[in-house]
Engineer: 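Structure in structure tokens, see below.
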Amino acid sequence: QVQLVESGGRLVQAGDSLRLSCAASGRTFGNNGMAWFRQAPGKERECIAIISRSGGSTYYADSVKDRFTINRDNTKNTVYLQMNSLKPEDTAVYYCAATTAVVPRTSPSVYHSWGQGTQVTVSS
């Protein structure tokens, strides 16, 4: 398993950009698919982006497609989420998560390691 720590969340204006980082500790980072989730008050946790072990495959939720980009640097044990054209509805706590599943999925249940989350607030 790996330990994850997110950073980069803050208060921004609609239309702004942010880059979130997730730093991982553990020698097995390269064997983990990684994902970003978010959770707004009163709503269920939503998977918004997934990246495969090698970084060769990605998934995006429709709500963020064409605005957000996930990537990873396995030499630095870090996964990133670049967020552009932010909207007030993007306001949430953002979490990174890791899975050893061969085929990563959007269900939170397949992720064995989670960060503590970083707050992103987008004002109008």
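Source: prediction; values computed, not measured.
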Engineer: Any link between Tyr95 and Tyr80 through a network of hydrophobic side chains (Ile, Leu, Val, Met, Phe, Trp, Tyr) touching at under 4.5 Å?
Structural biologist: no
Engineer: Is there side-chain contact between Val79 and Asn71, with at least one heavy-atom pair below 4.5 Å?
Structural biologist: no
Engineer: I'd like to check Tyr60 versus Ile48 (side-chain heavy atoms, cut-off strictly below 4.5 Å). Are they in contact?
Structural biologist: no
Engineer: Within the 4.5 Å heavy-atom criterion, are Asn32 and His112 side-chain neighbours or not?
Structural biologist: yes
Engineer: Indicate yes or no for a side-chain donor-acceptor contact from Thr75 to the backbone of Asp73 under 3.5 Å, with no hydrogens or angles considered.
Structural biologist: no
Engineer: Within the 4.5 Å heavy-atom criterion, are Cys47 and Tyr59 side-chain neighbours or not?
Structural biologist: yes
Engineer: Within the 4.5 Å heavy-atom criterion, are Leu11 and Val122 side-chain neighbours or not?
Structural biologist: no
Engineer: With a 4.5 Å heavy-atom cut-off, do Ser7 and Arg19 have their side chains touching?
Structural biologist: no
Engineer: Quick one, Arg72 and Met34 - any side-chain contact, counting heavy atoms below 4.5 Å?
Structural biologist: yes
Engineer: Considering only heavy atoms from C-beta outward, does the side chain of Asp90 approach that of Arg38 to under 4.5 Å?
Structural biologist: yes
Engineer: Please round to the nearest 0.5 Å and tell me the distance separating atom CD of Glu6 and atom CD of Gln119.
Structural biologist: 12.0 Å
Engineer: Report yes or no: do Ile50 and Leu81 belong to one cluster of Ile/Leu/Val/Met/Phe/Trp/Tyr joined by side chain heavy-atom distances under 4.5 Å?
Structural biologist: no
Engineer: Would you give the length of the straight line joining atom CG of Asn31 to atom OG1 of Thr99, rounded to the nearest 0.5 angstrom?
Structural biologist: 11.5 Å
Engineer: Given the side-chain rings of Trp114 and Phe37, with only the six-membered ring counted for Trp, is the space between their centroids under 6.0 Å?
Structural biologist: yes
Engineer: Measure from the side-chain N and O atoms of Ser52 to the backbone N and O of Ser57, and report whether any donor-acceptor pair falls under 3.5 Å.
Structural biologist: yes
